[in-house]
Asker: 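This is the structure I want to talk about, given as structure tokens.
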Amino acid sequence: MTDNDQTQPLGDLSDLNDLGDAEPTLAAEPALATAEPSAPTLRPRTRWAGIVWGLAFAVLAACGIWLASGEGRVDDLVSWVQTLSATTAVGYGVLTVGALLLITGVVGLLRRAQRAVAARRG
């Protein structure tokens, strides 16, 4: 701090409480008071994608923890990956992509079912 610094300590803020001659103003009435409640209120939808993908990632994390927690499991995994042939590795890659597409399809089915139930109610 320098000698030319014009700061006040926080305890000396009594002048902020003085409103002077200002008159309070009234806020405009909300527009909702004149609107007719024609549509029923809708409940928020369940976000199934978050639930399903969260479960999938939780299972993946649990498998990773299981793999890392045992003695020799990582070494066994490394030796297994090194013995894979190219066609087997491609097959496992296709299987992984298929599992991701399956999860995406389940999420789409859940969303469609939720929309159908909402359409029947409304």
Side-chain angles (χ1 to χ4, degrees):
M1 261 198 229
T2 62
D3 293 333
N4 295 336
D5 196 7
Q6 300 292 328
T7 59
Q8 295 178 352
L10 288 177
D12 190 21
L13 298 175
S14 60
D15 58 338
L16 292 178
N17 292 331
D18 184 25
L19 294 177
D21 295 334
E23 293 183 22
T25 59
L26 297 175
E29 290 186 25
L32 295 176
T34 59
E36 295 178 14
S38 60
T41 57
L42 299 176
R43 292 181 15 207
R45 292 187 300 166
T46 303
R47 303 295 183 171
W48 288 108
I51 293 170
V52 172
W53 282 107
L55 287 173
F57 286 129
V59 167
L60 184 65
C63 290
I65 290 171
W66 175 80
L67 182 68
S69 66
E71 290 195 28
R73 290 184 186 152
V74 176
D75 295 332
D76 292 341
L77 177 68
V78 169
S79 65
W80 176 73
V81 169
Q82 288 175 348
T83 61
L84 287 177
S85 66
T87 55
T88 306
V90 169
Y92 282 122
V94 169
L95 185 66
T96 303
V97 170
L100 294 175
L101 289 174
L102 177 69
I103 293 171
T104 304
V106 167
V107 168
L109 288 174
L110 287 171
R111 180 183 298 160
R112 184 174 181 179
Q114 185 178 30
R115 286 182 181 171
V117 168
R120 283 188 213 136
R121 285 185 189 164

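Heavy atoms only: backbone and side chains are in, while hydrogens, waters and symmetry mates are out.
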Asker: If you round to the nearest 0.5 Å, how far is CG of Leu95 from CG of Leu102?
Answerer: 10.5 Å
Asker: About how many Å separate CG of Leu60 and CG of Leu55, when rounded to the nearest 0.5 Å?
Answerer: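 With rounding to 0.5 Å, CG (Leu55) is 12.5 Å from CG (Leu60).
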Asker: Would you say Leu100 ends up clustered with Ile51 if hydrophobic residues are merged whenever their side chains have heavy atoms under 4.5 Å apart, either directly or through other cluster members?
Answerer: yes
Asker: Looking only at non-hydrogen atoms, find the nearest pair between Leu67 and Val74 and report the distance.
Answerer: O-CG2, 3.8 Å
Asker: With a 3.5 Å distance limit and no angle check, can you tell me whether Thr88 reaches the backbone of Leu84 through a side-chain donor-acceptor pair?
Answerer: no
Asker: Is there a side-chain contact between Asp75 and Trp80, using heavy atoms and a 4.5 Å cut-off?
Answerer: no
Asker: If you define the side chain from C-beta out and look only at heavy atoms, does anything of Val97 sit under 4.5 Å from Tyr92?
Answerer: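 Not in contact.
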Asker: Nearest 0.5 Å, what's the OG1-CZ distance between Thr46 and Arg111?
Answerer: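 Spacing of OG1 (Thr46) from CZ (Arg111) equals 12.5 Å.
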Asker: Please say yes or no: joined through hydrophobic side-chain contacts below 4.5 Å, possibly via intermediate residues, are Leu109 and Val106 part of one cluster?
Answerer: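 Cluster IDs for Leu109 and Val106 differ.
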Asker: Do you reckon Leu110 sits in the same ILVMFWY cluster as Leu101, going by side-chain contacts under 4.5 Å, direct or chained?
Answerer: no
Asker: Within a reach of under 6.0 Å around CH2 of Trp48, are more than 12 heavy atoms found that belong to other residues, nucleotides or ligands?
Answerer: no
Asker: Tell me if the CZ atom of Arg47 is crowded by more than 12 foreign heavy atoms within 6.0 Å.
Answerer: no
